[in-house]
2 protein chains.
Amino acid sequence: MNSVEILIVDDEVQIRKMLTITLQSNDYKVSEASNAKEAIIRAANHPPELILLDLGLPDENGHIVLQKLREWYTKPIIILSAHSSEEDIVKALDNGANDYLVKPFRTGELLARIRSVLRSSSQEDENPILIFGDLTIDLASRVVRKKEEIVKLTSTEYTLFCLLCKNEGKVLTHHYLLKQIWGPSYINESQYLRVFIAQLRKKLEDDPNHPTHIITESGVGYRFI
Amino acid sequence: MNSVEILIVDDEVQIRKMLTITLQSNDYKVSEASNAKEAIIRAANHPPELILLDLGLPDENGHIVLQKLREWYTKPIIILSAHSSEEDIVKALDNGANDYLVKPFRTGELLARIRSVLRSSSQEDENPILIFGDLTIDLASRVVRKKEEIVKLTSTEYTLFCLLCKNEGKVLTHHYLLKQIWGPSYINESQYLRVFIAQLRKKLEDDPNHPTHIITESGVGYRFI
DNA sequence: GGCTTGTATAAAGATTTTGTAAAGAAACTT
DNA sequence: AAGTTTCTTTACAAAATCTTTATACAAGCC
């Protein structure tokens with residue numbers, strides 16, 4: 001068993017099916033998403049080793065999805081697209097795509113290109129466990145520990161914490177966090193954030209009243225250090 | 001100047017010329033080889049950051065050249081080939097090529113693919129940091145430091161400081177600053193500015209009474225140096 | 001000097017933003 | 001269907017930030 005997980009993002013069920021079968025018969029683990037929102041949530045909750053991203057999604061422009069993913073997702077992304085214009089290709093590659101295949105593509109070539117990008121990304125042997133002082137976060141198994149003790153986080157708490165961790169040191173605006181976690185229509189619901197930040201602090205900080213990891217940037221957002 | 005060196009391996013002189021011009025005009029350094037033997041010697045003597053390899057060389061099969069190179073050469077190799085058969089593509093990718101472009105290819109796409117593979121091989125994600133003496137400002141992370149120490153700025157202070165930094169040396173008028181930060185209806189509230197300039201000086205200057213960075217231009221505005 | 005104009009700083013007051021608890025709603029479990 | 005967990009919403013307290021006021025200083029000019 002390969003145990004390498006690939007996330008397929010495509011709105012056409014036939015293509016997902018075809019890809020799933022192809023990949024599974026080559027010993028990859030597969031997860032699927034049929035739209036942009038689902039793709040981002042899946043990628044954040046359970047980051048795959050590679051993402052196959054169709055640019056023609058129903059709910060959002062594929063280039064935007066790519067940009068959003070690349071804000072934190074560092075593993076390979078291969079674009080599968082019906083568009084073969086140079087403009088699209090250059091834009092996607094410059095937005096951080098590792099490869100770009102035009103549909104319809106040849107299965108053997110796709111598999112070879114997958115092997116290629118996985119090879120060049122795995123040589124950096126990325127440790128899926130991030131360590132911040134006494135806090136560790138194992139992205140692969142979705143486990144957060146504080147001084148070896150496992151901390152139980154709800155799905156939303158974990159997504160929020162992941163985002164903060166992956167952007168260590170950077171300020172993430174309320175706007176951005178709300179959009180990433182709850183979706184674009186929630187960008188004014190800052191109260192949600194406060195509640196969940198408070199919950200994270202209660203679970204993760206030594207002294208929740210004087211947080212040392214999750215820092216408030218008043219008027220702007222939050223920062224993780 | 002980019003100073004990234006690329007080795008072009010192709011037996012056709014016109015293609016080498018064309019590639020050389022394209023790459024040089026995009027700030028890459030270029031070296032050339034016209035056959036397999038030369039290619040391997042050049043790569044060994046002076047390893048480039050990337051190799052563009054034509055598979056149709058006169059003295060040896062391109063796939064063999066690729067294999068030989070990959071025995072020790074770990075940086076990106078992009079194949080340029082007239083053959084578009086799946087067999088060739090898969091074989092090249094599995095032999096360690098990072099990408100495979102079929103001739104004739106589009107220049108913009110080639111450049112984008114070069115950027116892509118260079119990016120994923122060099123993976124230094126440096127965020128731009130502006131440095132002014134002992135003051136540094138990290139725009140991506142929204143962090144200002146004075147002698148390595150993080151200085152906590154409020155939202156408005158930071159916006160003001162950014163404006164000054166981004167216009168280093170220039171005088172920014174009261175009018176302009178007020179308009180940018182508080183909006184057009186505040187252009188007469190110069191007192192606001194004085195308060196915030198004073199606060200910035202208190203936090204950032206060695207001696208706030210004798211500022212060396214944030215300079216008053218009496219009657220006009222402020223200047224940052 | 002006395003006057004005016006522009007600037008600097010501290011501190012009080014007002015406002016905005018953030019933190020916390022807790023209740024109600026919704027979604028899952030068993 | 002009852003119980004549990006998680007999410008959403010409300011209300012209020014606490015903290016941080018912004019605005020305003022008061023006062024002082026410095027430079028230029030009559």
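In what follows, chains carry the letters A, B, and so on, assigned in the order in which the sequence lines appear, proteins first and then strands, with residues in each chain numbered from 1. Since we're looking at a predicted model, the values are computed, not measured. Keep in mind that the numbers below use all heavy atoms, side chains included, and drop hydrogens, waters and symmetry copies.
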*Mind checking side chain to side chain donor-acceptor pair (under 3.5 Å) for A:Asn95 and listing every partner two or more places apart, or none if nothing turns up?*
none

*Would you check if the side chain of A:Ser116 reaches a backbone N or O of B:Ala97 as a donor-acceptor pair within less than 3.5 Å?*
yes

*Rounding to a whole Å, what distance do you find between B:Leu178:CG and D:dC18:P?*
14 Å

*Do the side chains of A:Asp88 and A:Ile79 get nearer than 4.5 Å, heavy atoms only?*
no

*For the atom pair CD1 (A:Ile78) and CG (A:Asp54), what is the distance rounded to the nearest 0.5 Å?*
13.5 Å

Contact list (N/O, under 3.5 angstrom) for nucleotides 28-30 of chain D vs protein:
none

_Taking Watson-Crick (N1-N3 plus N6-O4 or O6-N4) and G-U wobble (N1-O2, O6-N3), each under 3.5 Å, can you produce the dot-bracket string of DNA chain D? Use [ ] for crossing pairs and | for inter-strand ones._
||||||||||||||||||||||||||||||

*Heavy-atom contacts under 4.0 Å between residues 150-158 of chain A and DNA chain D, which residues?*
A:Lys152, A:Thr154, A:Thr156

*In terms of heavy-atom contacts, does OH of B:Tyr186 have more than 12 from other residues, nucleotides or ligands at under 6.0 Å?*
no

Listing time: all N or O pairs from protein to nucleotides 15-20 of chain C that are below 3.5 Å?
from: C:dT17; atom 1: O3'; to: A:Gly219; atom 2: N; distance (Å): 3.3
from: C:dT18; atom 1: OP1; to: A:Gly219; atom 2: N; distance (Å): 2.6
from: C:dG19; atom 1: OP1; to: A:Arg201; atom 2: NH1; distance (Å): 2.7
from: C:dG19; atom 1: OP1; to: A:Thr216; atom 2: OG1; distance (Å): 2.5
from: C:dG19; atom 1: OP2; to: A:Tyr222; atom 2: OH; distance (Å): 2.6
from: C:dT20; atom 1: OP1; to: A:Asn209; atom 2: OD1; distance (Å): 3.0
from: C:dT20; atom 1: O4; to: A:Gln191; atom 2: NE2; distance (Å): 2.7

*Taking only residues two or more places apart in sequence, or in another chain, which ones meet B:Tyr100 in a ring pair (Phe, Tyr, Trp, His ring centres under 6.0 Å)?*
none

*Grab the CZ-P distance between B:Arg223 and C:dT7 for me, whole Å please.*
14 Å

*Quick one: B:Gln199 CD to C:dT9 P, roughly how many Å, whole number?*
11 Å

*Looking only at side-chain N and O atoms, does B:Tyr192 come under 4.0 Å of OP1 or OP2 in D:dT20?*
yes

*So, does B:Tyr222 use its side chain to make a donor-acceptor pair with the main chain of B:Arg194 at under 3.5 Å?*
no

*Sorted by first residue and then second, give each salt bridge (charged side-chain N to carboxylate O under 4.0 Å, His left out) pair with at least one member in residues 177-189 of chain A; sequence neighbours left out.*
none

_Can you confirm whether B:Leu118 sits close enough to B:Leu50 that some side-chain heavy atom of one is under 4.5 Å from a side-chain heavy atom of the other?_
yes

*Is there any salt bridge (charged side-chain N to carboxylate O under 4.0 Å, His left out) pair reaching into residues 161-174 of chain B, and which pairs are they, with sequence neighbours excluded?*
none

Which pairs would a plain distance check flag for residues 198-211 of chain B, meaning a side-chain donor or acceptor within less than 3.5 Å of a matching protein atom at least two apart in sequence or in another chain?
from: B:Arg201; atom 1: NE; to: B:Ile214; atom 2: O; distance (Å): 3.2
from: B:Arg201; atom 1: NH2; to: B:Ile214; atom 2: O; distance (Å): 2.9
from: B:Arg201; atom 1: NH2; to: B:Thr216; atom 2: OG1; distance (Å): 2.7
from: B:Lys203; atom 1: NZ; to: B:Lys152; atom 2: O; distance (Å): 2.9
from: B:Lys203; atom 1: NZ; to: B:Glu157; atom 2: OE1; distance (Å): 2.8
from: B:Glu205; atom 1: OE1; to: B:Thr212; atom 2: N; distance (Å): 2.9
from: B:Glu205; atom 1: OE1; to: B:Thr212; atom 2: OG1; distance (Å): 3.3
from: B:Glu205; atom 1: OE1; to: B:His213; atom 2: N; distance (Å): 3.3
from: B:Glu205; atom 1: OE2; to: B:Thr212; atom 2: N; distance (Å): 3.4
from: B:Glu205; atom 1: OE2; to: B:His213; atom 2: N; distance (Å): 2.8
from: B:Glu205; atom 1: OE2; to: B:Ile214; atom 2: N; distance (Å): 2.8
from: B:Asp206; atom 1: OD1; to: B:Lys146; atom 2: NZ; distance (Å): 3.3
from: B:Asp206; atom 1: OD1; to: B:Lys147; atom 2: NZ; distance (Å): 3.1
from: B:Asp207; atom 1: OD1; to: B:Asn209; atom 2: N; distance (Å): 3.0
from: B:Asp207; atom 1: OD2; to: B:His210; atom 2: ND1; distance (Å): 2.9

*Who passes ring pair (Phe, Tyr, Trp, His ring centres under 6.0 Å) against B:Phe161, sequence neighbours left out?*
B:Phe224

*Judged by atom type as modelled, is there a donor-acceptor pair below 3.5 Å linking the side chain of B:Arg142 to the main-chain atoms of A:Val171?*
no

Protein-nucleic acid N or O pairs under 3.5 Å, nucleotides 24-27 of chain C:
none

*If you measure from the Lys or Arg side-chain nitrogens to the Asp or Glu carboxylate oxygens, is any gap between B:Asp134 and B:Arg145 under 4.0 Å?*
no

*For B:Thr159 and B:Ser155, indicate whether the former's side chain and the latter's backbone hold a donor-acceptor pair under 3.5 Å.*
yes

*Atom CG of A:Asn188 and atom P of D:dT8: how far apart are they, to the nearest Å?*
15 Å

_Can you measure B:Ile215 atom CD1 to C:dT7 atom P for me and round it to whole angstrom units?_
14 Å

_Side-chain N or O of A:Trp182 closer than 4.0 Å to phosphate OP1/OP2 of D:dT8_ = yes

*Could you state the atom-to-atom distance from CG of A:Leu193 to P of D:dT9 in whole Å?*
14 Å

_If the condition is side chain to side chain donor-acceptor pair (under 3.5 Å), which residues does A:Asp138 pass it with, not counting sequence neighbours?_
A:Ser141

_Atom pair distance, as rounded to whole Å: CG in B:Leu200 and P in D:dC18_ = 11 Å

_d(CD1, B:Ile214; P, C:dT7) in whole Å_ = 15 Å

